[in-house]
Amino acid sequence: MQPFIATHIEALQQTLLGIVQKGQRVALVPTMGALHQGHLALIDHAKTLADIVVVSIFVNPTQFGPNEDFNKYPRNLEQDAKLAQSSGATLIYAPAVEDLYPDDFSTNVSAGPITQILCGQFRPGHFDGVATIVSKLLLRVLPHVAVFGEKDYQQLCVIRRVTDDLDIPVDIVGFPTVREADGLALSSRNRYLNDEQRNIAPKLHETLQFVKNDILSGKHSVQDSINAAVSTLSNYGYRLDYLALCDGQTLAPLNRAQEDARLLVAAWLGDTRLIDNIPLE
Ligand code: AMP
């Protein structure tokens, strides 16, 4: 069976109307496509939370900085639609840029301080782009539940902030990061890595685990553990944007372990920026 792809809001909402009238629950999994097992795991999980799963596929221009990879970001709608359908998606929503951002579009959703720290410091405007597009998708689809990966942990926190603050009636569900056997978090951008970089890439997760164990051992201060990890990663060839221990909800920086703390990292290997995070417990 061909997957059903809606590109226009009319087709999307007509299909959803029939579903909602039957009293069925709807889940949304927003993606930028180039689907991998991480995305498919979100779809699989969404199926356990709702009767039908809508997967949106949209490479959102407003969350890319001027020197970022918007143009080269991988796009393959046909293959993505097949993959999504094979994981249980009922409907693929793949709108055009002009549909979501017509010429007179001028609103910006900004979630405040949580968007200025960590990745926000290095990608100005990124989280406003994310908050704006996710708000639009949630309001177009009006799902009961939306599933996001913890892989993009700050994004998940921003979306929780936005939906709470704007009373968008949806349950936001986070799903743990899906990894390669060697620990590297799956990402559509991993395909940019050359062989040498791919060999070094798992060190990011390995180092997070090391910092976690070091902090939990109580032998060193949080700052000393982080400093040691930063120099380890630099020696492997990474250029660090940040490595930080943060509150798991507000993302406020922490200098000692606490319940719900999270270690987050962003670092470059050549031209590829990798992010990862783990809970401290
Ligand atoms: P993206 O297409 O990269 O914007 O990601 C779409 C959704 O998939 C986001 O909620 C991501 O956090 C999630 N995601 C991406 N990679 C992974 C992964 N390795 N494990 C779990 N979720 C992921």
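Below, all heavy atoms of this structure are taken into account, side chains as well, without hydrogens, waters or symmetry copies. Read the numbers this way: they start at 1 and go in the same order the structure lists the ligands and their atoms.
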A.B. asks: When you measure from the side chain of Arg239 to the backbone of Gly270, do you find a donor-acceptor pair of N or O atoms at a distance under 3.5 Å?
C.D. replies: yes
A.B. asks: Just to verify, what does Lys136 make a side-chain hydrogen bond (donor to acceptor under 3.5 Å, both in side chains) with, not counting sequence neighbours?
C.D. replies: none
A.B. asks: Which other residues belong to the hydrophobic cluster containing Ile275, where Ile, Leu, Val, Met, Phe, Trp and Tyr are joined when side-chain heavy atoms lie under 4.5 Å apart, directly or via other members?
C.D. replies: none
A.B. asks: Would you tabulate the side-chain donor-acceptor contacts of residues 106-116 under 3.5 Å, counting partners in other chains and residues two or more places apart, or write 'none'?
C.D. replies:
{"residue": "Asn108", "atom": "ND2", "partner": "Asp128", "partner atom": "OD2", "Å": "2.9"}
{"residue": "Ser110", "atom": "OG", "partner": "Asp128", "partner atom": "OD1", "Å": "3.1"}
{"residue": "Thr115", "atom": "OG1", "partner": "Gly112", "partner atom": "O", "Å": "2.6"}

A.B. asks: Let me know which protein residues bring a heavy atom to under 4.0 Å of ligand 1; chain then number is fine for ordering.
C.D. replies: Pro30, Thr31, Met32, His36, Gly38, His39, Leu42, Tyr73, Phe148, Gly149, Lys151, Asp152, Gln155, Pro176, Thr177, Val178, Leu186
A.B. asks: Identify which one of His220, Gln209, Lys219 satisfies the side-chain hydrogen bond (donor to acceptor under 3.5 Å, both in side chains) criterion when paired with Asp214.
C.D. replies: His220
A.B. asks: Return yes if some donor-acceptor pair links the side-chain N/O of Asn76 with the main-chain N/O of Ala34 below 3.5 Å, else return no.
C.D. replies: no
